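One structure below.
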There are 2 protein chains.
Amino acid sequence: MAGAKTRTPRNTLNPELIVRAALDLMETKGTDAFSLRGVAAELGVGPMALYTYFRNKDDLYDAVRNHLMALVPAVPEGESWPDQVRAVCRDLRRLLLEHPCLAQLLGSRPLSGHETARVAEGLLGVLRSAGFDKETAARTHTTLFTYVLGATSWEIQMATERRDPEAWRRLRTTMESLSSAEFPTVVELAPELARTTGGDEQFDYGLDLLLAGLESSNAVRTPASRSR
Amino acid sequence: MAGAKTRTPRNTLNPELIVRAALDLMETKGTDAFSLRGVAAELGVGPMALYTYFRNKDDLYDAVRNHLMALVPAVPEGESWPDQVRAVCRDLRRLLLEHPCLAQLLGSRPLSGHETARVAEGLLGVLRSAGFDKETAARTHTTLFTYVLGATSWEIQMATERRDPEAWRRLRTTMESLSSAEFPTVVELAPELARTTGGDEQFDYGLDLLLAGLESSNAVRTPASRSR
DNA sequence: ATCGCTAACGTACGGTGTATAGTACAGCGT
DNA sequence: ACGCTGTACTATACACCGTACGTTAGCGAT
């Protein structure tokens with residue numbers, strides 16, 4: 001390996017590689033610690049090299065989000081529509097937990113990109129096939145999406161907080177400083193609140209509430225069956 | 001040697017003043033553009049002067065969040081519990097819309113601080129009085145809270161996105177580039193999706209779904225039939 | 001008068017995203 | 001074989017960030 005190799009190879013960089021490196025960095029060093037300089041260093045290039053493939057940081061974020069959303073599975077066939085809705089929501093949640101940075105990416109930018117549309121198409125298709133009219137399908141989709149994102153983001157936030165000893169200590173002290181005279185119910189329910197923060201059960205509880213609400217309403221109209 | 005804590009600050013600087021200046025800056029220049037240097041400049045002091053009253057930026061964030069959460073009204077008395085829940089959720093949403101930075105503050109840190117506990121106490125009290133057992137009350141509280149935060153954060157995000165012409169243009173172009181062969185339902189429902197993104201109606205739709213789910217479940221045990 | 005305490009300031013460091021300009025190589029028309 | 005041109009990457013620079021550290025000024029108690 002004599003000196004000749006020091007000349008940089010010409011085409012060592014491509015969008016796919018950059019996205020993968022960016023994702024890797026986000027997950028190992030934390031979403032907040034992510035930086036263009038960091039991913040450039042990981043790839044062994046200067047920070048400006050990335051601007052050949054992405055117009056700016058947000059553009060790279062878009063690409064990473066799209067890359068991750070591609071991992072959401074397709075809607076399962078041959079099940080009842082509530083089960084299909086459940087499947088989509090759980091799949092999205094699982095992906096969010098697997099890649100916590102995705103929660104931040106989805107929260108900080110609107111629905112955009114091919115893969116996000118694919119997921120929306122799946123859920124909207126289920127709702128329309130179930131007999132929801134256009135408006136109700138759209139409303140329900142937005143409700144479900146924001147619920148999944150909100151609930152899971154919260155779960156992730158609490159989990160990462162628990163890992164930071166400084167923040168965790170502060171949280172505990174403020175919790176304990178709450179007078180049971182002033183906030184009797186919070187103090188009384190502290191164990192339950194701690195236990196029910198996050199977890200599959202908590203997520204499914206809210207999801208089932210929404211589904212129960214949907215089924216109890218007369219939103220679903222199938223041509224044949226008016227009601228059960 | 002008793003008391004004698006009254007040490008007047010040399011100049012006019014105190015936590016309340018700093019928090020107010022910080023809040024003002026967040027709302028005028030945008031949450032992202034907020035910086036310690038900015039608020040210090042607004043107060044006419046050096047950046048380091050703030051560290052006398054706050055340990056770091058996060059500590060100031062905590063104070064601002066607490067300051068804003070104090071604006072959530074108390075739970076109205078003498079109404080049915082679903083109406084009380086509705087009132088709390090709507091009040092919180094209204095405050096979030098009025099102060100968009102609060103959404104970011106609540107999303108990025110867990111429940112902490114006196115005023116956040118006050119709001120939780122109100123909602124938990126309503127649920128417990130309605131007959132929910134401890135665990136269900138805690139679960140329901142978390143569900144409602146994450147729904148309100150998720151739905152409203154999304155709404156705020158979409159609204160701010162619409163204000164940024166660059167992002168708005170990109171969103172439109174990606175929307176229009178979606179083939180109606182690949183994503184027929186998304187394309188068909190585009191008007192409804194645009195119309196149902198945000199707004200009181202959309203928020204209430206999801207909230208009513210959750211409340212309908214609660215009422216249709218047997219989670220509520222009226223005082224007469226209270227067993228657990 | 002002197003000490004200790006502390007609010008506030010100034011300086012400096014290491015970090016960020018990115019605008020701008022420069023540089024080396026690939027592939028091409030001739 | 002040669003020079004041109006476009007592309008991929010580097011180098012430098014700027015404005016800004018949070019904050020660690022050291023300094024100064026003025027008060028209260030001794």
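Throughout, protein chains are lettered first and strands after them, A, B, ... in sequence-line order, and every chain is numbered starting at 1. Everything numeric in this text was worked out from a predicted model, so none of it was measured.
Remark: A:Phe145 pairs with B:Trp154 by the ring-ring contact (aromatic ring centres under 6.0 Å, His included) rule, at least two apart or across chains. When the salt bridge (Lys or Arg N to Asp or Glu O under 4.0 Å) test is applied to A:Arg162, no partner is found at least two apart in sequence or on another chain. For A:Phe203, the ring-ring contact (aromatic ring centres under 6.0 Å, His included) partners two or more places apart in sequence, or in a different chain, are A:Tyr147. Taking A:Thr140 as the reference, B:Tyr205 meet the side chain to side chain donor-acceptor pair (under 3.5 Å) condition, with sequence neighbours excluded. Partners of A:Gln202 by side chain to side chain donor-acceptor pair (under 3.5 Å), not counting sequence neighbours, listed by chain and number: B:Arg139, B:Thr143.
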Donor-acceptor contacts, no H, no angles, side chain residues 96-106 of chain B, under 3.5 Å, sequence neighbours left out:
| from | atom 1 | to | atom 2 | distance (Å) |
| --- | --- | --- | --- | --- |
| B:His99 | ND1 | B:Glu27 | OE2 | 2.2 |
| B:Gln104 | NE2 | B:Asp32 | OD1 | 3.2 |

Output a table of donor-acceptor pairs, distance under 3.5 Å, between side-chain atoms of residues 66-76 of chain B and any protein atom two or more places apart or on a different chain; print 'none' if there are none.
| from | atom 1 | to | atom 2 | distance (Å) |
| --- | --- | --- | --- | --- |
| B:Asn66 | OD1 | B:His114 | N | 3.2 |
| B:Asn66 | OD1 | B:Glu115 | N | 3.1 |

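Regarding contacts with the backbone of C:dA7, every side-chain N or O of B:Tyr53 stays at 4.0 angstrom or more from both OP1 and OP2.
A straight line from CG of B:Leu50 to P of D:dC17 spans 12 Å, rounded to a whole angstrom. Atom CG in A:Asn56 sits roughly 8 Å away from atom P in C:dA19 (whole-Å rounding). With rounding to whole Å, B:Asp58 atom CG is found 17 Å from D:dC17 atom P. Per the geometry, CG belonging to B:Leu43 stands 14 Å off C1' belonging to C:dA7, to the nearest Å. Following rounding to the nearest Å, A:Tyr51 (OH) and C:dG22 (C1') show an atom-to-atom distance of 18 Å.
Of the residues in residues 59-66 of chain B, none has a non-hydrogen atom less than 4.0 angstrom from any atom of DNA chain C.
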Which protein N or O atoms sit under 3.5 Å from an N or O of nucleotides 11-16 of chain C?
| from | atom 1 | to | atom 2 | distance (Å) |
| --- | --- | --- | --- | --- |
| C:dT16 | OP1 | A:Ser35 | OG | 2.8 |

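Shortest non-hydrogen contact noted between A:Thr196 and B:Ala138 is OG1-CB, 3.6 Å.
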